[in-house]
Chemist: 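This is the structure, below, for whatever I ask next.
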2 protein chains.
Amino acid sequence: MTAKAKSDRYHHGDLRTALIATAVELIEDGGVRTFSLAEASRRLGVTVSAPYAHFADREELLAAVAVHALELFHADLQAELKGLAEPPDRLAAVARAYVRFAGIHRHLFELLSEAGLDKVRHPEIKAAERPIDDAFLSCVRALSGAEDPAAAELATAVEATAHGHALLLLDGHFGRSRKATARAAGGAARATLALVEGRRLLSERVSGATGLVKRRRR
Amino acid sequence: MTAKAKSDRYHHGDLRTALIATAVELIEDGGVRTFSLAEASRRLGVTVSAPYAHFADREELLAAVAVHALELFHADLQAELKGLAEPPDRLAAVARAYVRFAGIHRHLFELLSEAGLDKVRHPEIKAAERPIDDAFLSCVRALSGAEDPAAAELATAVEATAHGHALLLLDGHFGRSRKATARAAGGAARATLALVEGRRLLSERVSGATGLVKRRRR
DNA sequence: GTCTATACCCGGATAGAC
DNA sequence: GTCTATCCGGGTATAGAC
């Protein structure tokens, strides 16, 4: 690969990278379902067999795109957390970032959540998820103290809340306007706060239930 | 269609109905993605063109299956609500039923939430959703009083919670054992209760915030 | 209402030349 | 590393006979 402009054949400095970029584009407006290696090849002006020199198959390319998407999300998440100190606020920010990402990169989000990529076959994906999981879990732990047995359930509930709002957003539940993403993200953040508060209240009721707390019931 | 056992050709009392039933089966174990009219036809021993006498295209059959799934879910929901009087409990039961349905009829659930069926083209789907929406909304209204402006957001949050838990369940987040569905459903129900409590608390803080309530902050 | 036959389109993937 | 050529499979859908 030393000679560059070579004959009339198509040439790339780096077809592998170009394929990933094109796949991101193609998926960002069209979704994973309709994405095909053939189409990507056409776009880049190479034949359908060329990609096989860089990826074993379609799924391997998709995995690379998934990694890219996760890195994107991680960056967004860090930005959203920046400057927030209070654990509940940080948790709410995670939910907000999650929903925003889904709204802004719909199809990349779908790739991550619906494509059913085999994470065993593609450990890169797991690796790219790691820092995100860590950020999330550190927020949960900061909130409830590491010893809290209910921490895991809270983490799950927050995750479900964010995920649920994201899907409702993509479903048009918040409308189709530009504001929809903001509405959904705000809703998820508030729901997260409510969850945190409600959980604390319910656990108080169970453990050291005082008359005062009990009186709130119904 | 008066003569029944006629010649050696394949015959059905009602191919239309049989197609729906077969599609349900095929989708219940294999998912929508891989479902094809061709396969369904083979199963029933008719040729690939036969279905077109009853359905305009593949999607029309899928719509019929979706209606079936919604009816199933509605029945489950009613059963789950039976005997519960307290609004929070009823709301939690809705979430529980939702997650259970997702766990037990994975692929039918996927059809409903991911297949992207065009509800404008298929008003039957909207019609089948109606009674479910009504049941859900009546629970929300019973809880917050019809005038509460936050009712809509609560409804959304509960929906998101149920949906989120359902998806996490299908993702293996609660394990793959037979107990996974129960765990997820329980989690969704508890999260719903926490949501209801937390929301009440947060709104008190805003509206008639007393020193006592305020003190709970942080 | 169902069949036969067929046309059409798409995608994935491989062998072998350059 | 890319191309040419080619095979495979799959599905959707239609026309026309019975």
Side-chain angles (χ1 to χ4, degrees), chain A residues 1-23 25-27 30-65 107 111 115-118 121-122, chain B residues 1-23 25-27 30-65 107 111 115-118 121-122:
Chain A
M1 247 302 154
T2 44
K4 280 202 164 176
K6 186 189 175 189
S7 87
D8 56 342
R9 278 148 151 232
Y10 189 83
H11 62 282
H12 250 293
D14 190 351
L15 180 58
R16 185 192 154 83
T17 306
L19 274 169
I20 296 177
T22 302
E25 282 173 31
L26 243 30
I27 290 174
V32 205
R33 307 201 149 87
T34 63
F35 168 79
S36 71
L37 279 185
E39 169 78 9
S41 305
R42 261 172 253 136
R43 276 253 190 146
L44 287 170
V46 296
T47 56
V48 294
S49 68
Y52 291 92
H54 303 276
F55 299 94
D57 54 21
R58 178 189 130 110
E59 193 176 309
E60 207 169 285
L61 174 51
L62 288 184
V65 175
H107 294 297
L111 169 65
L117 293 175
D118 185 342
R121 215 192 121 189
H122 306 287
Chain B
M1 248 302 155
T2 44
K4 281 203 163 177
K6 186 188 175 189
S7 87
D8 56 343
R9 279 149 149 233
Y10 189 83
H11 61 280
H12 249 293
D14 190 352
L15 178 58
R16 185 191 154 83
T17 305
L19 274 169
I20 297 177
T22 303
E25 281 173 32
L26 243 28
I27 290 174
V32 205
R33 303 191 146 96
T34 63
F35 168 79
S36 71
L37 281 185
E39 169 79 9
S41 304
R42 260 173 255 135
R43 276 255 190 143
L44 287 170
V46 296
T47 58
V48 293
S49 68
Y52 290 92
H54 303 277
F55 299 95
D57 54 22
R58 178 190 130 110
E59 193 177 308
E60 208 168 283
L61 173 52
L62 287 184
V65 175
H107 294 296
L111 169 64
L117 293 175
D118 185 343
R121 217 192 120 189
H122 307 287

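All chains are named by letter (A, B, ...) in the order of the sequence lines, taking the proteins before the strands, and each is independently numbered beginning at 1. A quick note: this is a predicted structure, and the numbers were derived from the prediction, not measured.
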Chemist: Which atom names give the shortest non-hydrogen contact between B:I27 and B:V32, and what distance separates them?
Modeler: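 Here B:I27 and B:V32 meet closest at CG2-N, 4.1 Å.
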
Chemist: Between P on D:dG11 and CG on B:L26, what's the gap in Å once rounded to a whole number?
Modeler: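 The distance from CG of B:L26 to P of D:dG11 comes to 10 Å, rounded to the nearest Å.
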
Chemist: Contact class for A:R42 (heavy atom, under 4.0 Å): base, sugar-phosphate, or nothing?
Modeler: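 Sugar-phosphate, no base atom in range.
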
Chemist: Indicate whether OP1 or OP2 belonging to C:dG11 is found under 4.0 Å from a side-chain N or O atom of A:S36.
Modeler: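 Yes, such a contact exists.
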
Chemist: Using whole Å, what does the distance between atom C1' of nucleotide C:dT2 and atom CG of B:D14 come to?
Modeler: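 Rounded to the whole Å, the gap is 14 Å.
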
Chemist: Base, sugar-phosphate alone, or nothing: which one does A:S49 contact when heavy atoms must sit under 4.0 Å apart?
Modeler: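 Base contact.
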
Chemist: Just by distance, do the side chain of A:R33 and the backbone of B:R33 share a donor-acceptor pair under 3.5 Å?
Modeler: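 Not at all, since once roles are kept as given, no pair shorter than 3.5 Å links the two residues.
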
Chemist: Rounded to the nearest 0.5 Å, how far apart are CZ of A:R121 and CD of A:E60?
Modeler: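 One gets 6.0 Å once the value is rounded to the nearest 0.5 Å.
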
Chemist: What is the distance, rounded to the nearest whole Å, between atom OH of A:Y52 and atom C1' of C:dG16?
Modeler: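 Nearest whole value for this atom pair: 17 Å.
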
Chemist: For A:F35 and B:A50, find the nucleotide of DNA chain C closest to each by heavy atoms; which residue's nucleotide sits nearer the 5' end?
Modeler: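 Of the two residues, B:A50 wins.
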
Chemist: Nearest-Å distance, CZ (A:F55) to P (D:dG1)?
Modeler: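 Rounded to the whole Å, the gap is 12 Å.
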
Chemist: Rounded to whole angstroms, how far apart are CZ on A:R33 and P on C:dG11?
Modeler: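 From A:R33 CZ to C:dG11 P: 16 Å.
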
Chemist: Phosphate oxygens OP1/OP2 of D:dT2: is one of them under 4.0 Å from a side-chain N or O of A:R16?
Modeler: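 For A:R16, the contact criterion (side-chain N or O under 4.0 Å from OP1 or OP2 of D:dT2) is not met.
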
Chemist: Can you tell me how far the CG atom of B:L15 sits from the NE2 atom of B:H54, to the nearest 0.5 Å?
Modeler: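 It comes to 4.0 Å.
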
Chemist: Provide, to the nearest angstrom, the distance between the CZ atom belonging to A:R58 and the C1' atom belonging to C:dC10.
Modeler: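 So the CZ-C1' distance, A:R58 to C:dC10, works out to 12 Å.
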
Chemist: Give, for atom CG of A:L61 and atom CZ of A:F35, the distance between the pair rounded to the nearest 0.5 Å.
Modeler: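 So the gap between those two atoms works out to 4.5 Å.
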
Chemist: Rounded off to whole Å, could you give me the CG-to-P distance for the B:D57 and D:dT12 pair?
Modeler: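 The answer, rounded to whole Å, is 10 Å.
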
Chemist: Classify the nucleic acid contact of B:A53 as base, sugar-phosphate or nothing, counting any heavy atom under 4.0 Å across all strands shown.
Modeler: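 Base, at least one base atom sits under 4.0 Å.
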
Chemist: Could you give the CG-to-C1' distance, from B:L37 to C:dT2, as a whole number of Å?
Modeler: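 The answer, rounded to whole Å, is 15 Å.
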
